[in-house]
Engineer: 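Starting off with a structure, shown below.
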Number of protein chains: 2
Amino acid sequence: MSKPYVLGIDIGGTNTVFGIVDARGQVIASDSIKTLKHANFDDYIEEMHQGVERLLKAYEAEDKIHGIGIGAPNGNYYTGEIVKAPNLPWGPVVPLAEKVSKIFGGIPVAVTNDANAAALGEMTYGAARGMKDFIMITLGTGVGSGIVVNGQLVYGHDGFAGELGHVIVKRNNGRICGCGRTGCLETYCSATGVARTAREFLEIRTEPSVLRDLQIEDITSKDVYDAAVGGDKLAKEIFEYTGTILGQAMADMVAFSSPQAIILFGGLAKSGELLMRPLKEAFDKAILPIFRGQTKILLSELKESDAAVLGASALGWEAKYRYEAPVANLPVVEE
Amino acid sequence: MSKPYVLGIDIGGTNTVFGIVDARGQVIASDSIKTLKHANFDDYIEEMHQGVERLLKAYEAEDKIHGIGIGAPNGNYYTGEIVKAPNLPWGPVVPLAEKVSKIFGGIPVAVTNDANAAALGEMTYGAARGMKDFIMITLGTGVGSGIVVNGQLVYGHDGFAGELGHVIVKRNNGRICGCGRTGCLETYCSATGVARTAREFLEIRTEPSVLRDLQIEDITSKDVYDAAVGGDKLAKEIFEYTGTILGQAMADMVAFSSPQAIILFGGLAKSGELLMRPLKEAFDKAILPIFRGQTKILLSELKESDAAVLGASALGWEAKYRYEAPVANLPVVEE
């Protein structure tokens, strides 16, 4: 009997979530550990291994895992490594696939970054089922992207393709980005970008706003959302500004790969019409006429709590890398 | 014996060039007709057919054509049609593959746009041999692009992907583009874009320049090139301006597909260091650190006179569409 489950592992900056997933995308069971508890990578892997084994045992799934898919910040599909992830403590390059396959006795492993995993999850179980060309945009603390062309994830020649959070949306006088440059999309259209816009608007503009009652440095995108839902005009205009920039940037993405849909995922994507109306207006206005009306803008259909694990797990079905113990260097016996 | 040749047809705004090409990319023979001579599409196809047949006869290649590849403005790979090509007179939608396959007795035909054909030519015979991820930028009257990901041309869900000449490089106060929008890359970095820049610079700036001796409305990119080669400072700065905008736009393209190389083709690409130095400087400065130093900027290795036909011909090897005469609607005889 072929093995009916995959293991999906999502390594986030705070939690590492792992789950057993079946072929229909049902998360049979899941659990998590704290990602940053161990500064030593082997210790981290060991704790994750123990957590997973407990889960496998409880659900009698020890011999039923077809493959392991892992989504990790700066996870590289080609090398199976995590490379220079800004928020992880284990060193500049970590051999993730190798260590995980080894500790799980040679089960095949595949690694990719979190946004690519989200795209794969959407294609396998969500809003992009049946689509061969789409773009996934994750609107979280930063802006990530996973691009699918001809039914395949776009990894690029080095495994790092799909950094659409770092296209430049303001050439002059743009905001400073964590990547060291200025004007990146994610400095405007992420949760932190919305909070930065709020601070700028409050400083430069004079209208009254309930946001003025808050400590300016502590304002979050959630505060802006709550204020906008409550009818605050300035807060609504912050979403207008955010949606417009995102819609314009998305129109340029269509000129690249002419996708059937762009799918939005993450906290900000749940802002409803506050974000979507200005976004769609700007998108329709900015798009090249030949593409007009052709590309759908959709919201993710995956439950946020499951999405990361589901996305990672989807990679488990096609995982190929398998750790093999080095063969001892036996002396050659001459006859 | 399998058939040793393909036919490459490049439909340009002025000439339609066709050639017999062998598997090693040698153009055995080629000829051309005027594209705009016939306002009726069937008449145009008939003249092209006669020209090709003459060539096939002269080289005894009548039964040796494996397939026909055609590059055409707004040529659609999926439908085999030319759709809304601004400079062609035959109507909004022309069934190119069908007509060509029919008149050539059912030889398989494939159609794509001219920039995609150029990319295919470069991958099959030129600077992109062996590459699975690259972007071709054609710098002609306009700016076109052909994108290859995982060894396949990116057509998008509708066959129109790869319009990188129409990404927006100036959000505010950008130049009006033929596509009806403002600020498109091709309004700055095409041959006509360079001429527009010259006119702007001459009007706004006060430095002396040999370009001031020309009728301002008649200035071409060739005039600017000649002046720059002759040491004219303003002309050199026009290339500086052009190269900087193109380099910045190319850095954003890398964030999408992380290609091994971006390959430049067309008249402007032959401007040497005048264009390439500022282009590479801007590219290196604007690129996301994770990609820095990874993507090569190359010039096409195909001879310009052959490139279009070679590119189109490369599509001939994989051509699948084959015209089949409709079956007559025979009356059903009841027994």
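No experiment lies behind these values; they were computed from the predicted model shown. In what follows, every chain begins at residue 1, and chains take the letters A, B, ... in the order their sequences are listed.
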Engineer: Pick one of side chain, backbone, both or neither for B:F134, based on which atoms fall under 4.5 Å of a heavy atom in chain A.
Structural biologist: neither

Engineer: Mind listing the closest non-hydrogen atom pair of B:L288 and A:C179 along with its distance?
Structural biologist: CD1-CB, 3.6 Å

Engineer: Checking heavy atoms, do the side chain of B:I147, its backbone, both or neither come under 4.5 Å from chain A?
Structural biologist: side chain

Engineer: Which bit of B:L153 comes within less than 4.5 Å of chain A, counting heavy atoms only: side chain, backbone, both or neither?
Structural biologist: backbone

Engineer: Minimum heavy-atom separation for B:I290 and A:F160, please, with both atom names.
Structural biologist: CD1-CD2, 3.6 Å

Engineer: In terms of heavy-atom proximity below 4.5 Å to chain A, should B:A261 be classed as side chain, backbone, both, or neither?
Structural biologist: neither

Engineer: Which region of A:L185, side chain (C-beta onward) or backbone (N, CA, C, O), has a non-hydrogen atom less than 4.5 Å from a non-hydrogen atom of chain B, or is it both or neither?
Structural biologist: neither

Engineer: Non-hydrogen atoms of chain B under 4.5 Å away: do they reach the side chain of A:V149, the backbone, both or neither?
Structural biologist: side chain

Engineer: Please tabulate, one pair per line, the N or O donor-acceptor pairs under 3.5 Å between chain B and chain A.
Structural biologist:
{"from": "B:N150", "atom 1": "ND2", "to": "A:Q152", "atom 2": "OE1", "distance (Å)": "3.0"}
{"from": "B:Q152", "atom 1": "OE1", "to": "A:N150", "atom 2": "ND2", "distance (Å)": "3.1"}
{"from": "B:H157", "atom 1": "N", "to": "A:S258", "atom 2": "O", "distance (Å)": "2.9"}
{"from": "B:H157", "atom 1": "ND1", "to": "A:S258", "atom 2": "O", "distance (Å)": "3.0"}
{"from": "B:H157", "atom 1": "ND1", "to": "A:P259", "atom 2": "O", "distance (Å)": "3.4"}
{"from": "B:D158", "atom 1": "OD1", "to": "A:S258", "atom 2": "OG", "distance (Å)": "2.6"}
{"from": "B:D158", "atom 1": "OD2", "to": "A:S258", "atom 2": "OG", "distance (Å)": "3.2"}
{"from": "B:G162", "atom 1": "N", "to": "A:A255", "atom 2": "O", "distance (Å)": "3.2"}
{"from": "B:G162", "atom 1": "N", "to": "A:F256", "atom 2": "O", "distance (Å)": "2.9"}
{"from": "B:E163", "atom 1": "N", "to": "A:A255", "atom 2": "O", "distance (Å)": "2.7"}
{"from": "B:I168", "atom 1": "N", "to": "A:D252", "atom 2": "OD1", "distance (Å)": "3.1"}
{"from": "B:I168", "atom 1": "N", "to": "A:D252", "atom 2": "OD2", "distance (Å)": "3.4"}
{"from": "B:R171", "atom 1": "NH2", "to": "A:Q248", "atom 2": "O", "distance (Å)": "3.3"}
{"from": "B:R171", "atom 1": "NH2", "to": "A:D252", "atom 2": "OD2", "distance (Å)": "3.3"}
{"from": "B:R181", "atom 1": "NH1", "to": "A:A286", "atom 2": "O", "distance (Å)": "2.4"}
{"from": "B:Q248", "atom 1": "O", "to": "A:R171", "atom 2": "NH2", "distance (Å)": "3.4"}
{"from": "B:D252", "atom 1": "OD1", "to": "A:I168", "atom 2": "N", "distance (Å)": "3.1"}
{"from": "B:D252", "atom 1": "OD2", "to": "A:I168", "atom 2": "N", "distance (Å)": "3.4"}
{"from": "B:D252", "atom 1": "OD2", "to": "A:R171", "atom 2": "NH2", "distance (Å)": "3.3"}
{"from": "B:A255", "atom 1": "O", "to": "A:G162", "atom 2": "N", "distance (Å)": "3.2"}
{"from": "B:A255", "atom 1": "O", "to": "A:E163", "atom 2": "N", "distance (Å)": "2.7"}
{"from": "B:F256", "atom 1": "O", "to": "A:G162", "atom 2": "N", "distance (Å)": "2.9"}
{"from": "B:S258", "atom 1": "O", "to": "A:H157", "atom 2": "N", "distance (Å)": "2.9"}
{"from": "B:S258", "atom 1": "O", "to": "A:H157", "atom 2": "ND1", "distance (Å)": "3.0"}
{"from": "B:S258", "atom 1": "OG", "to": "A:D158", "atom 2": "OD1", "distance (Å)": "2.6"}
{"from": "B:S258", "atom 1": "OG", "to": "A:D158", "atom 2": "OD2", "distance (Å)": "3.2"}
{"from": "B:P259", "atom 1": "O", "to": "A:H157", "atom 2": "ND1", "distance (Å)": "3.4"}
{"from": "B:A286", "atom 1": "O", "to": "A:R181", "atom 2": "NH1", "distance (Å)": "2.5"}

Engineer: Non-hydrogen atoms of chain B under 4.5 Å away: do they reach the side chain of A:M253, the backbone, both or neither?
Structural biologist: both

Engineer: Got a sec: does the CD1 of A:I176 have more than 12 other heavy atoms crowding it under 6.0 Å?
Structural biologist: no

Engineer: Under a 4.5 Å heavy-atom cutoff, which of A:G159, A:G165, A:A249, A:A255 has the most pairs with chain B?
Structural biologist: A:A255

